[in-house]
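Worksheet for the structure shown next.
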There are 2 protein chains.
Amino acid sequence: MSGFDLYDTTLRDGAQQEGLHLSVDDKLAVARLLDQLGVGFIEGGWPGANPKDTEFFRRARTELVLGSARLAAFGSTRRAGVRACDDPQVAALLEAQTPVVTLVGKSHVRHVTDALRTSPAENLAMVADTVAHLVAHGRTVYLDAEHFFDGYEADPAYAVEVVRVAAEAGAEAVVLCDTNGGMLPHDIERVVSATAQRTGVRLGIHCHNDTGCAVANSIAAVRAGATHVQGTVNGYGERTGNADLIAVTTNLQLKLGMPLVSDGQLAATVHVSHAVSEITNLPPFERAPYVGASAFAHKAGLHASALRVDPDLYQHIDPALVGNEMRTLVSDMAGRASIELKGRELGYDLAGRPELLARVLRRVKELEGAGWTFEAADASFDLLLHEEVQGRPAALFELESWRVRTDAEGSASALSEATLELRVEGRRQVAVGEGNGPVNALDHALRQALTPAYPRLVELELIDFRVRILDADHGTDATTRVLIDTTDGERTWTTVGVGPNIVHASWIALVDSFTFGMLRCPSRAEPVAHAAVAR
Amino acid sequence: MSGFDLYDTTLRDGAQQEGLHLSVDDKLAVARLLDQLGVGFIEGGWPGANPKDTEFFRRARTELVLGSARLAAFGSTRRAGVRACDDPQVAALLEAQTPVVTLVGKSHVRHVTDALRTSPAENLAMVADTVAHLVAHGRTVYLDAEHFFDGYEADPAYAVEVVRVAAEAGAEAVVLCDTNGGMLPHDIERVVSATAQRTGVRLGIHCHNDTGCAVANSIAAVRAGATHVQGTVNGYGERTGNADLIAVTTNLQLKLGMPLVSDGQLAATVHVSHAVSEITNLPPFERAPYVGASAFAHKAGLHASALRVDPDLYQHIDPALVGNEMRTLVSDMAGRASIELKGRELGYDLAGRPELLARVLRRVKELEGAGWTFEAADASFDLLLHEEVQGRPAALFELESWRVRTDAEGSASALSEATLELRVEGRRQVAVGEGNGPVNALDHALRQALTPAYPRLVELELIDFRVRILDADHGTDATTRVLIDTTDGERTWTTVGVGPNIVHASWIALVDSFTFGMLRCPSRAEPVAHAAVAR
């Protein structure tokens, strides 16, 4: 939609989030993903101030090909008392060679005097000079009016003057920033309206989530006339985060009917959100609007019965529009309807099998009472269903025993070694594996034992391993729950293991992972070894 | 504030969250915590429908003493075609013997016909009869008008009629529910205003966060005249969760000046939020408004310099009002100012020591580049600072070697055994420990070796252990990061360990945990063993 900017600052403001560390390679990968969302602008960082960002812009020139977005460099207005053309930080902005530059300038008079230690008049000149300088060099310039709303409260005339001065110097739009995040939507609407009226300048909005209203604040600003919205993917950002650009975009498009991105771009939302999570290595928030794993997950037995009738009765949008899907949760609140729906998702037709459903329900409630969780571990639940339907568990082998040993000398890194004794297709095997930890060693030993009979195991890779100590106040009797994510390059699945020993709990999840992989993945291995050992 | 209800449904609607499992003991504990917040009502569950909830209400009568809140039982309107006095589910509501009962009734005509399969007129009778029946038995009754906003869109006359009928039958207030969570604030405001005007009935609001606007929606409803707000602590709930009652309350009190709770109750917010997290065993969301660990955590070097000038420049409220505190994050974005501020928080005066600050900064940047994170591990950072300030690391012992072995037979649970060789105060020791896992075994072995010299170690307990595989696409060369939480019963601290071997990374975090505990905890052990081994 022309005339409306979706402006992503994940790589700059988002990167200020606690726990977020991105290499230059990471930033380039994230930028490519953001482009898939259909955003108009990607703010890549602060060149000059942040060496990694200088490098990012340098490499972006040859390595980053964007289809939808334009790259923006971020920086601040010139230093007080220094000309824009003489300020090395401003020069760095130009050296980044981006089509767009976004400057942050003070618009709260107290920040000008107390934090910048300069005069209100000089600050206006800093804004005007820097904007004009960059515009003269052919850049599209945005001015982020920092602390605008607090500034408007303290001295509205000054705040508005900053806006006017930036626009007169050639800024494409002035972005009103709720830098401390303390605003509520009705006040945002009031101030944005008033500023639009007083200046006639094209306005943008940049919110933070300190009151839990960043998305609503952004929408309120748009309703009051803003035509440029800034935010981050997954709501990353300092403190409580920036406005979640995904929620803002989806709300504007699906609820307010603004055609901001194509259907395909909207449908890529969940994929991009999760892919960015993988790169940032921050666990995705399951309850995130639109993209969270739980966003369309229905638990209450009551709802499940209604959902079988018509999903629209309990969903505010069709999850497929954003690339998500409806899920039924199996839990101790599950009724037989939930089990049936879940089974259907996994490819089982359990309709008209009340005894089976009751039996599965009973097992689930018992196991969950002991600390198991199937909600996050579909693959383990699939194996449970398989066992109940087939009458016996799927098993790649019979275990006799295993042991793992980890040794370290002084401060040298430790090495783990696992030994297994088991039967594969009736034939006894002893296998050994080394690894960077007990589970990794067991993984290698198990592969050594099983790969001859199951060659496709080579494609499986463990990619994450989450441990939770349950009943922590029971000390050494605490139960440990382990979740393992495995991928075969195309599909990823999660298995669970529970018990008082973490290695044993991990072993359970590991075995389930391999079993599921061999049971469910499309090209099944030719059981070559079967012929050899049949007797 | 009289005439305004803060209504908490953590134990009922909140409990529908994926991954949330509460025992009756848990529910009673949570109720006591919610009471500390100053909420007026605690919805304890659905007696009759949910056996755990029936039990909860039974035990609550003798075991739950509430100072601020009144207990509410939740249930649905009578079944179609059955009299309220004959409906066993309604009877169960009375048997719960709560002063308050909240009924959910359909207010969306399509739900009445398609999900309930009854007539619009019968549904109105169901609402009226059940409300009247419970009022006649002396209960304060609220009616949750389910799917109200979608229902108002589909057939406003019918939705409003449900409200009128409930009020006429004696309901204290009618709570308009955005059950599917698809609303935006301006529409909430419009519909609540219109409904208030058309009926003159006292209204409440119940929102879900599917558009990311639950908090804003709740506030918009209050501004439009609602005097009863429902929500959950930590925003728990199905799908994207219910409105976060903490954020709603704090916004109404601190931003809109509504005296809903006492200063002390507001200041208990962070404590209650975290304590409830402990009980639900769901990791707290660090970026949660007001209560999140990151909510007042400042990272950018730029901000840290300004914060040294005046915290109000970058914080929208004083964190102490909600029981939180300002934190400076140490990270590769840290400037020397951040290190100094962080050091001050930990009790170090590093002002005027630029060389030291630069040295610490350099170490932090290197370590974080290798996967270490100090942001979540204050105790490890404290030890790093201690080493830089003292010129040598704090150490309880010198390590020679360690090894851990875990064995399992068949499906029996595994046992781990660790052996250590080290020097404590110059004297060589060999120690062994058994445990439910490698880290637990090392913990026991280390205690065996150290407790004679450091008796206070008996008070330390490991309570959580978080593992993250970094660089997962590097397979077995992946780096593992381990965070350990330890408590001495009064204070809890977090240490970090990083390396390719998970047991080794855990060992590092474990050793730091004990070292920190002995270094920092108030009543230091008399070093009895020192005299014995001095030579």
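All values below come from the heavy atoms of this structure, side chains included, with hydrogens, waters and symmetry mates left out. Just so we're on the same page: letters track the sequence lines, and every chain starts at 1. Note that the coordinates shown come from a computational prediction; the quantities given were computed from them, not determined experimentally.
- In this structure, chain B has a heavy atom under 4.5 Å from the side chain of A:Leu256, while its backbone stays farther away.
- With contacts defined as side-chain heavy-atom distances shorter than 4.5 Å, the pair B:Ser294/A:Arg239 does not qualify.
- In this structure, the portion of A:Ala288 lying under 4.5 Å from any heavy atom of chain B is its backbone and not its side chain.
- Rounding to the nearest 0.5 Å gives a distance of 16.0 Å between NE2 of B:His186 and NE2 of A:His186.
- The parts of A:Leu399 that come within reach of chain B are both its backbone and its side chain, each placing non-hydrogen atoms under 4.5 angstrom from that chain.
- In plain terms, the two heavy atoms of A:Cys213 and B:Val215 that are nearest each other are SG-CG1, 3.9 Å.
- Residue A:Glu400 touches chain B through its backbone alone, counting heavy-atom pairs closer than 4.5 Å.
- The candidate with the highest count of non-hydrogen atom pairs below 4.5 Å against chain B, out of A:Val503, A:Ile502, A:Thr211, is A:Thr211.
- Side chain of B:Arg287 to main chain of A:Gly235: a donor-acceptor pair is present (N/O by atom type, distance under 3.5 Å, no hydrogens or angles).
- Contact annotation for A:His147: only side-chain heavy atoms (C-beta onward) come within less than 4.5 Å of a heavy atom of chain B.
- Although no hydrogens or angles enter the test, the distance criterion places a donor-acceptor pair under 3.5 Å between the side chain of B:Asn501 and the main chain of A:Ala414.
- Put simply, of A:Thr487, A:Ile317, A:Leu415, A:Asn251, the one with the most heavy-atom pairs under 4.5 Å next to chain B is A:Asn251.
- Here the side chain of A:Lys255 pairs no donor or acceptor atom with the backbone of B:Met183 at under 3.5 angstrom.
- When the salt bridge (charged side-chain N to carboxylate O under 4.0 Å, His left out) test is applied to B:Arg405, the partners found at least two apart in sequence or on another chain are B:Asp407.
- Note that CZ of B:Arg403 is 9.0 Å distant from CD of A:Glu409, once rounded to the nearest 0.5 Å.
- Between A:Phe149 and B:His316, a ring centre-to-centre spacing not shorter than 6.0 Å is recorded.
- Across every non-hydrogen atom of B:Glu146 and A:Tyr314, the tightest pair is OE2-OH, 3.8 Å.
- When the candidates B:Thr419, B:Thr406, B:Val439 are compared by the number of heavy-atom contacts under 4.5 Å with chain A, B:Thr406 comes out ahead.
- A donor-acceptor pair under 3.5 Å is formed between the side chain of A:His111 and the backbone N or O of B:Leu313.
- Here salt bridge (charged side-chain N to carboxylate O under 4.0 Å, His left out) pairs that include residues 179-189 of chain A, with residues two or more places apart or in two chains, are A:Asp187-A:Arg190, A:Glu189-A:Arg223.
- Interface check for chain B: of the options A:Asp178, A:Asp210, A:Asn217, A:Leu116, the most heavy-atom pairs under 4.5 Å are formed by A:Asp210.
- Of the residues considered (B:Ala408, B:Ala216, B:Gly437), B:Ala408 shows the highest number of contacts with chain A, using heavy-atom pairs under 4.5 Å.
- Closest approach of A:Asn209 and B:Pro289 over heavy atoms only: O-CG, 3.5 Å.
- Ranked by non-hydrogen atom pairs under 4.5 Å with chain B, the options A:Ala247, A:Ala295, A:Gly212 are led by A:Ala295.
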